Q: 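My questions will all concern the structure given below.
Within every chain, numbering begins at 1; the chains are lettered A, B, ... in the order of the sequence lines, protein sequences first and strands thereafter. Note that the coordinates shown come from a computational prediction; the quantities given were computed from them, not determined experimentally.
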Amino acid sequence: MKHSILWIIRIVAVKELKEFFRDPRSVLLSLVLPLILFPLLFWVLSGDEEPSIEEAHFFHIGLEPGIPEDQFMEDSQVISYSYLEEPLPFNWRNEYHVILTSNPAGDIPLILYDNSDALSISAFNYIQRQYLPSNVREGKSDGDPIAVQMGPDMGRPLFSLEEAAGKMFLGLILPFVFFIFSITCPLPGAADLSSGEKERGSLEPLLSTAAPRRGIILGKLSAASIAGICSVCAYIIGILISSLVTPEILGDERMIFPLKGTQIAVLSFLLTGLTILFTAIEICAGFITRSVREAQLLAMPLLMIGMGAVYTAQNLEIGHKSWIYAHIPLVNIALSIKEAALDRMILEDIAATFCWIIVYIVLMITLGNKMFQKELSFAAK
Amino acid sequence: MSNHIIKIQNISKHFKGSDRWALKDLSFNIEEGEIIGLIGENGAGKSTTMRIMATIMKPTSGRMEIAGYDVSAHPGDVRRAIGILFGQNSGLYDRLSARENILYYANLNGLTDRKVDKELSEISELLEMEDFLDTKAGAFSTGMRQKTLIARAIIHNPKVLILDEPATGLDVTSSRNIYQFIKTCKEHKKTVLFSSHDLGAVEKNSDRVLILHKGDLLASGPPAEIIKEGSLEDQFVIMQEAIQ
């Protein structure tokens with residue numbers, strides 16, 4: 001009797017999840033530990049760290065119609081400017097570092113800037129200093145952008161200090177956290193379902209059943225992904241508990257994280273996609289390794305690759321990067337996470353990333369299927 | 001008219017990186033309902049033959065048919081027709097009970113839990129495993145594991161049963177149970193191919209014996225025809241010495 005592939009996927013996934021949740025070690029490592037690890041870690045490591053603001057090399061400035069271009073703009077080696085076609089374009093933060101608007105109270109224009117973005121703060125700081133008379137400039141901030149930002153000046157920050165700090169924090173930390181979680185959380189399950197089968201000798205009997213191998217692979221992927229996502233959720237809940245119990249660990253306890261519904265939805269999809277992707281990679285790699293222990297060693301190279309991608313994305317300017325970065329594996333995902341965390345999503349980037357995640361997962365499943373077709377019994381010897 | 005359920009024609013197998021052939025031009029047929037004992041020294045090609053039958057390996061050359069299906073062209077149909085046991089270490093899932101292990105394989109072979117209920121109670125009675133059917137496999141003795149593995153291999157009522165060393169490591173009673181079960185298969189017109197190093201058991205329980213040596217078929221026939229003097233074990237030793 002033949003059954004549909006969905007039937008096989010369900011059968012394999014249910015059995016694997018049953019096994020996973022019956023293993024106290026797996027449950028402890030994947031679900032319980034994350035809940036207590038971060039509260040503990042945050043409690044131990046409480047301390048303040050000020051964010052550093054990098055100097056920008058080049059600023060893009062938007063000028064409202066009517067704002068005269070100042071002499072320093074034309075001479076400047078660090079500024080490019082253009083006049084806006086509409087008063088305040090949607091998502092202007094991806095195009096300009098700051099916008100100069102007319103000031104009803106005086107001659108000097110107002111500077112609209114994104115105080116959750118280090119480059120925008122630097123641009124504001126630079127332009128303000130150019131505009132202000134030299135005596136004010138010298139006495140005022142002495143190069144400290146935070147002081148400039150706080151003073152009675154030309155600046156019109158986009159967010160409150162608490163909100164800006166929260167956004168900065170999320171933009172910096174979320175790509176790293178997402179990659180670390182999505183690599184490490186599904187690994188125990190994925191290793192057990194692939195190289196674990198080989199280690200306990202159950203792979204050959206499994207492959208000798210009438211179940212289509214694609215169904216077995218997809219069932220295993222579903223189970224390991226569900227277990228991985230549960231574990232990721234446990235980690236996130238752990239972090240939330242930590243931030244409630246010891247808010248000072250975040251550096252500034254007044255920080256707020258005003259995430260919008262669309263941001264949360266995009267971030268959730270990205271995290272889910274990333275977790276499924278790494279689960280698929282880990283299952284495929286698990287078929288090459290000879291033991292669960294060997295499969296678990298994969299975490300290190302995967303983390304290094306993942307961190308490389310995040311580091312690259314962190315050094316990119318969201319609005320002024322080459323289009324190619326939206327198509328570089330993993331870098332595009334890290335970049336989309338950063339965009340979503342900062343609420344500076346570029347539709348083309350996010351859409352490309354989602355499409356690529358699907359392509360990567362399909363490729364991994366195809367590769368896993370190929371591994372199944374190989375003569376595994378010989379490879380296992 | 002012959003009723004060959006397994007047809008093997010000039011099967012050869014060479015593994016990458018190896019300097020010798022695991023199987024060399026191997027040919028034999030097995031009729032429906034026959035019990036075949038496959039013997040040979042370590043590395044003779046018994047397991048390789050069984051793995052090709054199970055569609056886990058592909059032959060380098062030659063043709064093999066099981067229940068009318070070519071193993072290379074129609075592996076899915078072949079898998080539906082066979083039940084296989086890969087020795088006693090062929091992994092049970094320790095965190096599942098014997099019943100869950102067996103039902104999982106039944107499901108993978110396309111049977112629903114309800115449909116398989118009757119077969120499961122018959123098999124557990126036949127293999128005397130009612131007492132531990134709902135115990136988790138992690139706590140099983142070797143005999144209990146082996147019985148569960150056999151039940152798992154036959155739950156979908158396959159026409160052909162391939163058993164790689166089914167009684168290795170078992171005590172006398174468990175071993176006797178397994179061979180008793182193999183004989184019962186004949187009554188149900190099932191074909192059984194089993195390998196073993198216990199030549200006494202092979203002699204006693206097989207309709208026909210196939211002796212492999214370095215990938216070649218050395219001899220084939222009913223035990224009584226093969227044995228010229230003493231037992232099958234004596235005869236096997238004589239043959240080995242003659243070759244060397």
Q: Does CZ belonging to Phe354(A) count more than 12 external heavy atoms closer than 6.0 Å?
A: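 Counting neighbours around CZ of Phe354(A), more than 12 heavy atoms of other residues, nucleotides or ligands fall under 6.0 Å, so yes.
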Q: Would you find more than 12 non-hydrogen atoms of other residues, nucleotides or ligands less than 6.0 Å from Tyr69(B) atom OH?
A: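 Not more than 12 within 6.0 Å, no.
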Q: Say you draw a straight line from CD of Glu204(A) to CG of Leu85(B); how long is it, rounded to the nearest 0.5 Å?
A: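 Output value for this atom pair is 11.5 Å.
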Q: Got more than 12 heavy atoms from elsewhere within 6.0 Å of NZ, Lys159(B)?
A: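 Counting other residues, nucleotides and ligands, NZ of Lys159(B) stays at 12 neighbours or fewer.
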Q: I want to check something: taking the side chain as every heavy atom from C-beta on, are Glu16(A) and Tyr104(B) in contact at a cut-off of under 4.5 Å?
A: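 Counting from C-beta outward, Glu16(A) and Tyr104(B) do come under 4.5 Å.
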Q: Measure the spacing between CZ of Arg95(B) and NZ of Lys15(A) and express it to the nearest 0.5 Å.
A: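 NZ of Lys15(A) is found 8.5 Å from CZ of Arg95(B).
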Q: Between Val12(A) and chain B, which part of the residue has a heavy atom less than 4.5 Å away: side chain, backbone, both or neither?
A: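 Its backbone and side chain both get close to chain B.
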Q: For Asn109(B) and Ala210(A), indicate whether the former's side chain and the latter's backbone hold a donor-acceptor pair under 3.5 Å.
A: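 Answer holds: yes.
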Q: Do Arg22(A) and Glu100(B) meet the salt-bridge criterion of a basic N to acidic O distance under 4.0 Å?
A: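 Arg22(A) and Glu100(B): salt-bridged.
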Q: Using the rule given for salt bridge (charged side-chain N to carboxylate O under 4.0 Å, His left out), can you reason through Glu19(A) versus Lys136(B), listing the C-alpha separation, both sets of side-chain angles and the distance that settles it, and then say yes or no?
A: CA-CA 11 Å; Glu19(A) 269 216 294; Lys136(B) 284 191 189 149; over 6 Å; no
Q: What part of Glu197(A) gets closer than 4.5 Å to chain B, counting heavy atoms only: side chain, backbone, both or neither?
A: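 For Glu197(A), side-chain heavy atoms alone lie under 4.5 Å from chain B.
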Q: If you take all heavy atoms of Lys18(A) and Leu96(B), which pair is closest and at what distance?
A: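 So the two residues come closest at CD-CD2, 4.0 Å.
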Q: Within the 4.5 Å heavy-atom criterion, are Ile56(B) and Ser208(A) side-chain neighbours or not?
A: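 A side-chain contact under 4.5 Å exists here.
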Q: Can you see which heavy atom on Tyr105(B) is nearest to which on Leu206(A), and at what distance?
A: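 Shortest heavy-atom contact: OH-N, 3.1 Å.
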Q: Does a sphere of radius 6.0 Å around NZ in Lys7(B) hold more than 12 heavy atoms from other residues, nucleotides or ligands, not counting ones at 6.0 Å or beyond?
A: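 Counting other residues, nucleotides and ligands, NZ of Lys7(B) stays at 12 neighbours or fewer.
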Q: Strictly distance-based, threshold 3.5 Å: is any side-chain N or O of Trp7(A) a donor or acceptor partner for the main-chain N or O of Leu108(B)?
A: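 Checked: no pair found.
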Q: Rounded to the nearest 0.5 Å, what separation is found between the CD1 atom of Ile82(B) and the OG1 atom of Thr209(A)?
A: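 OG1 of Thr209(A) is found 9.5 Å from CD1 of Ile82(B).
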